[in-house]
Structures are given as C-alpha cells and as structure tokens.
Number of protein chains: 2
Amino acid sequence: MNDHVHVDPAALTKNQALVFSALSDANGPLTAYAILDELRGDGFKAPLQVYRALEKLIEGGLVHRLESLNAFVACRHPTGCSHQWAAFAICESCGDVKEFSPDKAMDLLKDWAENDGFKLAKTTVELRGQCPACLAT
Amino acid sequence: MNDHVHVDPAALTKNQALVFSALSDANGPLTAYAILDELRGDGFKAPLQVYRALEKLIEGGLVHRLESLNAFVACRHPTGCSHQWAAFAICESCGDVKEFSPDKAMDLLKDWAENDGFKLAKTTVELRGQCPACLAT
DNA sequence: ATGGACATGTTATAGTATTACATCACTGAT
DNA sequence: ATCAGTGATGTAATACTATAACATGTCCAT
Ligand SMILES: [Zn+2]
Ligand SMILES: [Zn+2]
Ligand SMILES: [Zn+2]
Ligand SMILES: [Zn+2]
C-alpha cells in the first residue's frame with residue numbers, strides 16, 4: 001500500500017539537498033521559480049535544475065506537489081507516511097497549507113475505485129477555504 | 001450547501017456558448033488552448049476569450065477545471081449537483097475522465113475541516129490511475 | 001581504462017494564464 | 001434622446017510554468 005519509500009535525506013545529491021532545504025526553510029509552498037530564485041546564490045541558473053531535483057524529492061516522498069497552486073511543499077510528516085494519500089487544506093487568504101491524512105475518506109475513495117474497476121495509483125485531495133487564524137481576524 | 005447555481009444554457013453569451021459547446025462535443029477534457037484552436041473558425045483569436053468564458057461556465061457549474069491536468073471538462077451531471085464537491089477519476093493511459101460524487105468521503109473531509117476550524121469553500125479530488133478499459137487490454 | 005548509469009549544466013522552446021487598455025452592447029435614469 | 005453604469009468583447013503584450021535537446025561530468029564495477 002505504501003510503495004513510496006522515504007529517502008534518507010543524507011543520500012540526497014547536492015541539488016536535491018539545496019531544493020529540499022529551500023522548501024524546508026520556507027513556511028509554506030514555493031513555486032519552482034521561487035525556489036530557483038532562492039538558489040541563485042548557490043549557483044542555480046535554470047528551471048530544469050529545480051524541476052529535476054523536485055522530481056526525485058517527490059518520488060522519495062520528501063516533497064509534495066500542490067496541483068491547484070502549481071507549487072511544492074516539504075512533507076512535514078514523520079518518515080513512513082503514505083504520501084500518495086496525503087491531503088492538504090489551503091487557506092485562500094494567507095496561503096497557509098496544512099497537510100493531513102484523511103484515512104477514512106481515502107478508504108472510501110479506494111472503495112469507489114475498486115468497485116469501478118479503476119486501478120488507483122494516487123490521489124490529489126486539496127481543500128480550499130480559510131484557515132482558523134484568518135477566520136479569527 | 002449547494003451554493004453553485006446551474007445556469008440556464010440558453011442564458012449563455014455567444015462566447016460562453018461556443019466554449020461550452022466545444023467542451024460538450026469533446027469526449028474528454030480539453031486545455032484552454034485546445035479550445036481556442038477548436039474555435040478559431042468561429043472567430044476566436046486570443047486565449048483570453050477562452051479563459052473568460054471558462055470562468056463564467058465554472059461559476060455557473062457547467063464546467064469543471066481539472067487541476068492536475070490544467071484542463072477543463074463539461075459537467076455531465078444533471079442540473080443541481082454540487083459542483084464544488086465533485087471528484088474525478090483520470091486514466092493515465094487513455095486520458096479518460098469519469099466524474100463522480102463521493103458524498104461519504106466528502107462528508108468526512110467536511111468533518112475534518114469543521115473540527116479543524118477550517119472554513120471549507122471547495123475541494124479538489126482527482127484520482128489518478130488506470131481505467132477498467134485500459135486494464136482489460 | 002573503459003563502459004554504464006546517473007547527476008548536472010546550458011540553451012532554447014513549449015505550454016499555460018493574466019494584465020492592460022480600448023471598444024461595444026445593453027439597460028435604466030434623467 | 002441623452003447619458004451613465006454595467007458587463008461582455010477584442011487585441012496586444014507579457015508573465016508564469018514546464019519540458020526538450022544536447023553536452024558534460026562523476027562515480028563505480030568490470
Ligand atoms: Zn507528506
Ligand atoms: Zn489563513
Ligand atoms: Zn459536475
Ligand atoms: Zn484508460
């Protein structure tokens with residue numbers, strides 16, 4: 001079920017480590033070009049350097065892509081979580097993103113797929129709305 | 001709960017009707033630029049004509065945006081479905097897209113949001129994998 | 001040392017979406 | 001009839017996101 005293996009961060013290549021570090025330092029999602037700008041001081045010059053690193057980081061379960069933002073975020077989960085079943089709540093006011101694992105809802109989606117004969121590889125679940133902090137203001 | 005109101009297709013403007021017709025005639029999702037190419041014979045010349053029409057059609061609940069494809073699809077549901085809670089199964093082999101309404105799973109996501117104090121406006125739920133037809137080959 | 005696998009560098013290009021500004025059509029009030 | 005307000009449209013330019021193509025480098029196993 002969990003066929004994404006968490007990669008030992010120590011095993012990352014130089015570019016992968018730089019991109020992961022940029023995402024980890026950010027307090028929210030970054031676009032690929034924002035990452036590029038962060039890393040120009042480290043010698044990055046072309047978007048492909050970022051996209052190639054992101055591809056590996058996503059494969060390794062260290063980073064998620066947020067489809068509805070065209071942006072990327074470092075996984076905050078402990079090693080071993082099931083990345084292809086993660087979900088995100090995205091605040092449309094402040095941009096804050098919270099990752100969570102709606103296991104029950106995912107099980108129901110898996111059930112739907114099974115009943116339909118659809119071989120499920122991964123899901124994209126992104127909630128849009130307003131976070132508690134923004135609602136409180 | 002259902003704050004998206006289905007628009008009377010007869011009330012569409014000329015451009016909106018053309019875009020909706022292009023999407024309805026297609027047997028799957030189309031990108032904005034694919035729609036533009038479809039409609040050049042009808043006088044369309046710029047992407048903005050497509051994007052503006054899509055915006056209204058999505059507001060009216062006649063069209064869905066598929067975030068993980070950067071593409072758009074006509075809603076096949078009967079009038080009155082809850083568009084902000086629709087889900088899609090996308091075949092990565094043939095590109096087929098099936099819309100469905102996983103009400104139970106959505107209820108669980110709504111519950112999660114409520115417990116977290118997150119004011120949920122809409123969800124993006126997109127399943128990726130292989131459809132029954134492609135699995136059969 | 002040689003070949004293979006993989007990471008990287010660099011340039012160019014493709015694909016997606018929005019900004020800015022001008023114009024037009026309709027409606028309602030004067 | 002004129003005018004103002006609203007919303008739709010036309011057009012050009014630009015911004016943003018992602019990949020193709022090809023050259024080079026690095027490391028390890030043979
Ligand atoms: Zn995660
Ligand atoms: Zn917020
Ligand atoms: Zn629908
Ligand atoms: Zn298929």
Side-chain angles (χ1 to χ4, degrees), chain A residues 5 7-23 26 28-60 62-73 90 92 95 124 126 128, chain B residues 5 7-23 26 28-60 62-73 90 92 95 124 126 128:
Chain A
V5 175
V7 162
D8 177 4
L12 297 177
T13 68
K14 174 163 164 285
N15 284 1
Q16 288 161 21
L18 285 167
V19 168
F20 183 59
S21 162
L23 281 173
L30 296 178
T31 68
Y33 280 76
I35 295 169
L36 174 58
D37 287 339
E38 286 286 320
L39 296 179
R40 287 196 191 278
D42 296 289
F44 272 49
K45 292 189 175 155
L48 201 45
Q49 296 174 290
V50 176
Y51 282 108
R52 287 204 273 228
L54 285 170
E55 183 181 14
K56 297 298 182 184
L57 292 168
I58 291 170
E59 276 178 29
L62 295 175
V63 167
H64 297 281
R65 175 187 172 88
L66 298 173
E67 301 285 356
S68 64
L69 295 178
N70 292 328
F72 305 86
V73 68
I90 300 167
E92 293 179 322
T124 295
E126 299 177 11
R128 309 296 297 252
Chain B
V5 175
V7 163
D8 178 1
L12 298 177
T13 68
K14 175 163 161 283
N15 285 1
Q16 289 162 19
L18 286 166
V19 168
F20 184 61
S21 162
L23 280 173
L30 295 178
T31 67
Y33 281 75
I35 295 169
L36 175 58
D37 287 339
E38 286 286 320
L39 296 179
R40 286 196 192 279
D42 297 290
F44 273 48
K45 291 186 177 158
L48 199 49
Q49 295 174 292
V50 176
Y51 283 108
R52 286 204 274 227
L54 284 171
E55 183 180 15
K56 297 298 182 184
L57 291 167
I58 291 170
E59 275 178 29
L62 296 174
V63 166
H64 297 282
R65 174 185 173 90
L66 299 172
E67 301 285 355
S68 65
L69 295 178
N70 292 327
F72 305 86
V73 66
I90 300 168
E92 292 178 324
T124 295
E126 299 178 11
R128 308 296 296 250

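Keep in mind that what you see is a predicted model, and the values were worked out from it rather than measured. Throughout, a chain's letter reflects where its sequence line sits, starting with A, and its residues are numbered from 1.
- Taking only side-chain atoms of A/Lys14, from C-beta outward, the nucleotide of C/dA17, C/dT8, C/dT10 with the closest atom is C/dT8.
- Between B/Arg65 atom CZ and C/dT16 atom C1' the separation is 9 Å, expressed in whole Å.
- For the pair B/Phe72 CZ and C/dA17 C1', the interatomic distance rounds to 9 Å; values are reported in whole Å.
- As a whole-Å value, the separation of B/Leu48 CG from C/dC21 C1' is 12 Å.
- Evaluation of atom-type donor-acceptor distances gives a pair under 3.5 Å for the side chain of B/Arg52 against the base of D/dG10.
- Residue whose closest nucleotide on DNA chain C sits further toward the 5' end, between A/Asn15 and B/Leu69: A/Asn15.
- Partner A/Phe20 forms a side chain to side chain contact (heavy atoms under 4.5 Å, CB included) with one of A/Leu54, A/Leu57, A/Ile35 and no other, that one being A/Leu57.
- Each of D/dA18, D/dA21, C/dT18 was ranked by its minimum atom distance to the side chain of A/Asn70; first place goes to D/dA18.
- Summarising the geometry, the separation between CG on A/Asp37 and P on D/dA15 is reported as 14 Å, rounded to the nearest angstrom.
- C/dT16 atom C1' lies 6 Å from atom OH of B/Tyr33, rounded to whole Å.
- Taking a cutoff of 4.0 Å between a charged side-chain nitrogen and a carboxylate oxygen, A/Arg128 and A/Glu126 do not qualify as a salt bridge.
- Comparing C/dT11, C/dA17, D/dT17 by their closest approach to the side chain of A/Thr31 singles out D/dT17.
- With C/dT8, D/dA18, D/dT9 as the candidates, the nucleotide lying closest to the side chain of A/Gln16 is C/dT8.
- Taking atom NZ of A/Lys56 as the reference point, atom P of C/dA5 lies 14 Å away to the nearest angstrom.
- Summarising the geometry, the separation between OH on A/Tyr51 and C1' on D/dA21 is reported as 18 Å, rounded to the nearest angstrom.
- The side chain of B/Gln49 lies closest to D/dG10, out of C/dG9, C/dT10, D/dG10.
- Neither OP1 nor OP2 of D/dG7 sits under 4.0 Å from any side-chain N or O of B/Thr13.
- With a 4.5 Å cut-off on side-chain heavy atoms, A/Arg65 and A/Ile58 count as touching.
- Rounded to whole Å, atom P of C/dA17 lies 13 Å from atom CG of B/Leu36.
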